[in-house]
Colleague: 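My questions all concern the structure below.
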Amino acid sequence: MRFLHLSDLHWGKKFSPKFSNSLLEFVKNGKFDYLLITGDLTQRAKKREFLAVKRYLDSFEVPYIAVPGNHDVPLYPVHLRFFAPFYRYKKYFQEELEPEIITKKVCVFGLSSAHNFTSSEGRIKRKQIENLRKKILRTSPSQIIIILIHHPIIYADPTDRDRTIWGAPNLIDLFGEYPPDLILSGHYHNRFFCNLKDFYPKLKKNIYLFFSSTSTTERGRKKEKGFVGFNVIEIGENIKIDRFLNKNDGFINIESIILKGNYERKETLAF
């Protein structure tokens, strides 16, 4: 199976038509089974932004699922933020906050970490963790399990401030008992990769975390300032992750990572 992992589209003031057109062309030539989108679809959670990003994603003609990010909760009006934070998201983009994909080989489960009491960081509730536990229990050992969540569940980037979600320890406890294979996130606006087992050595197995670049807006941070990118995930005998960044009017593969018992980086291009 072949997936495209996008994040932080930020449709609004900072959205780039140039990069969005290049991405559309890439997807139409890529033969993807699904698009996996880890939040911040809009810049300010406005009706017109949700409608526009939905039209854009529908034009790919590839099935997709998404989880909300903190930018998908409106700052204003205040009554919507505090009493109906996902009203616009559900009405104009997608009803389900934690969608899933179930196939014979792969199960993808969304987790919504956005909430109304912060403008930036995320939160996960015990009820969500318990619901995820029930979903994982219904899977087969032969199925690859992928989790989609906008915010980081660990302090992954020591060059940045700690953006770990509230409630992360409870989620880590669940993964200690029922480990997924991949966790896909965004929020950093900077590609990043790590193994959760390096942070929690008592975990039963390697759990790989991949953070996507910002995919359609020039709000990349640090070494990716001014760039956009995404991850291509191929699941066969092994799991292969190709990292893409824009160059000129298209995208180039800057790194390939193959996940086996431990990961190996097959290729790294200077960028």
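Along the sequence shown, the residues carry numbers beginning at 1.
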Colleague: Are more than 12 heavy atoms from other residues, nucleotides or ligands located less than 6.0 Å from atom NZ of Lys205?
Modeller: yes
Colleague: Show, in sequence, the C-alpha distance, side-chain angles and deciding distance for Leu23 and Leu4, and conclude whether the side-chain contact (heavy atoms from CB on, under 4.5 Å) test is met.
Modeller: CA-CA 11 Å; Leu23 177 59; Leu4 182 65; 4.2 Å; yes
Colleague: Show the nearest heavy-atom pair for residues Thr103 and Met1, with the distance to one decimal.
Modeller: OG1-SD, 3.6 Å
Colleague: So Ile153 and Ile172, side-chain contact (heavy atoms from CB on, under 4.5 Å) or not? Walk me through it.
Modeller: CA-CA 8 Å; Ile153 66 170; Ile172 300 298; 3.8 Å; yes
Colleague: Any chance you could measure Phe251, atom CZ, to Phe19, atom CZ, to the nearest 0.5 Å?
Modeller: 7.0 Å
Colleague: Would you sort out whether Asn70 and His187 count as a side-chain contact (heavy atoms from CB on, under 4.5 Å), showing the intermediate values?
Modeller: CA-CA 9 Å; Asn70 47 288; His187 196 54; 3.2 Å; yes
Colleague: If you take all heavy atoms of Leu9 and Ser215, which pair is closest and at what distance?
Modeller: CD1-CB, 4.4 Å
Colleague: Step by step, work out the side-chain contact (heavy atoms from CB on, under 4.5 Å) result for Ile233 and Leu184.
Modeller: CA-CA 11 Å; Ile233 303 167; Leu184 305 181; 3.6 Å; yes
Colleague: Give me the atom names and distance for the closest heavy-atom approach of Asp72 to Asp40.
Modeller: OD2-N, 3.0 Å
Colleague: Hey, quick one: are Ile102 and Leu137 part of the same hydrophobic cluster, counting side-chain heavy atoms closer than 4.5 Å, chains of contacts allowed?
Modeller: yes
Colleague: Any donor-acceptor pair under 3.5 Å linking the side-chain atoms of Tyr64 with those of Asp58?
Modeller: yes
Colleague: Closest approach of Tyr89 and Glu96, non-hydrogen atoms and distance?
Modeller: CE2-O, 4.1 Å
Colleague: Other residues, nucleotides and ligands only: do more than 12 of their heavy atoms fall within 6.0 Å of CZ on Arg126?
Modeller: no
Colleague: Nearest heavy-atom pair of Arg88 and Pro74: which atoms, and what distance?
Modeller: NH1-CB, 4.0 Å
Colleague: Within the distance-only criterion (no hydrogens, no angle test), does the side chain of His189 pair as donor or acceptor with the backbone N or O of Arg219 below 3.5 angstrom?
Modeller: yes
Colleague: Do His151 and Ser113 pair up side chain to side chain, a donor and an acceptor below 3.5 Å, judged on atom types alone?
Modeller: yes
Colleague: Determine whether Val228 and Phe32 fall in the same hydrophobic cluster, where Ile, Leu, Val, Met, Phe, Trp and Tyr are linked whenever their side-chain heavy atoms lie under 4.5 Å apart.
Modeller: yes
Colleague: Is the shortest side-chain heavy-atom distance between Ser22 and Asn246 below 4.5 Å?
Modeller: no
Colleague: Would a 4.5 Å heavy-atom cut-off, applied to side chains only, mark Ile183 and Ile207 as touching?
Modeller: yes
Colleague: Determine yes or no for a side-chain-to-main-chain donor-acceptor pair under 3.5 angstrom, with Asn116 supplying the side chain and Phe82 the backbone.
Modeller: yes
Colleague: Can you confirm whether Phe93 sits close enough to Thr42 that some side-chain heavy atom of one is under 4.5 Å from a side-chain heavy atom of the other?
Modeller: no
Colleague: Has the side chain of Tyr155 got a donor or acceptor atom that lies under 3.5 Å from a matching backbone atom of Asp160?
Modeller: yes
Colleague: Taking atom CD as the centre, does Glu237 end up with more than 12 heavy-atom neighbours from other residues, nucleotides or ligands that are less than 6.0 angstrom away?
Modeller: no
Colleague: Starting at CD of Glu49, measure out to NZ of Lys13 and round the result to the nearest 0.5 Å.
Modeller: 11.5 Å
Colleague: Is it true that, when you exclude Phe199 itself, more than 12 heavy atoms of the residues, nucleotides or ligands shown sit nearer than 6.0 Å to its CZ?
Modeller: yes
Colleague: Taking the side chain as C-beta and beyond, is there a heavy-atom pair between Pro99 and Val67 under 4.5 Å?
Modeller: yes
Colleague: With a cut-off of 6.0 Å (strictly less than), are more than 12 heavy atoms of other residues, nucleotides or ligands near NZ of Lys125?
Modeller: no
Colleague: Please verify the inter-ring angle class for Phe244 with Phe230; under 30° counts as parallel, over 60° as perpendicular, anything in between as tilted.
Modeller: parallel
Colleague: For the residue pair Arg44 and His71, establish whether any side-chain heavy-atom pair is separated by less than 4.5 Å.
Modeller: yes
Colleague: Would you say that more than 12 heavy atoms from the other residues, nucleotides or ligands in this model lie under 6.0 Å from the NZ of Lys28, or not?
Modeller: yes
Colleague: Say you draw a straight line from CG of Leu41 to CD of Gln94; how long is it, rounded to the nearest 0.5 Å?
Modeller: 8.0 Å
Colleague: Treating Ile, Leu, Val, Met, Phe, Trp and Tyr as nodes and any side-chain heavy-atom pair under 4.5 angstrom as an edge, say whether Leu196 and Leu259 lie in one connected cluster.
Modeller: no
Colleague: Does Glu130 come within less than 4.0 Å of Arg133, counting only side-chain N to carboxylate O?
Modeller: yes
Colleague: Could you check whether any side-chain heavy atom of Leu132 comes within less than 4.5 Å of a side-chain heavy atom of Ile129, counting everything from C-beta outward?
Modeller: no
Colleague: May I ask you to test the Phe192-Pro152 pair for a side-chain heavy-atom distance under 4.5 Å?
Modeller: no
Colleague: CZ/Phe193 to CD1/Ile257 distance, rounded to the nearest 0.5 angstrom?
Modeller: 5.0 Å
Colleague: Has Asp242 got a side-chain atom pairing as donor or acceptor with Ser256's backbone, closer than 3.5 angstrom?
Modeller: no
Colleague: Mark yes or no for whether Ser7, through its side chain, and Thr38, through its backbone, hold a donor-acceptor pair below 3.5 Å.
Modeller: yes
Colleague: Do other residues, nucleotides or ligands put more than 12 heavy atoms under 6.0 Å from Lys135 NZ?
Modeller: yes
Colleague: To the nearest 0.5 Å, what is the distance between CG on Asp181 and CD on Gln143?
Modeller: 10.5 Å
Colleague: Mark yes or no for whether Gln128, through its side chain, and Ser112, through its backbone, hold a donor-acceptor pair below 3.5 Å.
Modeller: yes
Colleague: Using atom types as modelled and distance alone, determine if a side-chain donor or acceptor of Ser212 lies under 3.5 Å from a backbone N or O of Gly186.
Modeller: no
Colleague: Once you round to the nearest 0.5 Å, how far does CZ of Arg243 lie from CZ of Phe210?
Modeller: 6.0 Å
Colleague: Could you check whether Phe60 and Tyr56 have their ring centres less than 6.0 Å apart?
Modeller: yes
Colleague: Are Ile65 and Ile136 linked, directly or through other ILVMFWY residues, by side chains that come within less than 4.5 angstrom of each other?
Modeller: no
Colleague: Are the side chains of Ile147 and Leu111 in contact, using a 4.5 Å heavy-atom criterion?
Modeller: yes
Colleague: Can you name the nearest heavy-atom pair linking Pro63 to Asp33, along with the distance?
Modeller: CD-O, 3.5 Å
Colleague: Between the side chains of Arg191 and Glu224, is the shortest nitrogen-to-carboxylate-oxygen separation below 4.0 Å, so that they form an ion pair?
Modeller: yes
Colleague: Is the backbone of Tyr208 close enough, under 3.5 Å, to the side chain of Asn195 for a donor and an acceptor to pair up by distance?
Modeller: no
Colleague: Indicate if Val232 and Ile37 have the same hydrophobic cluster label, given that clusters are the connected sets of ILVMFWY residues with side-chain heavy-atom separations under 4.5 angstrom.
Modeller: yes
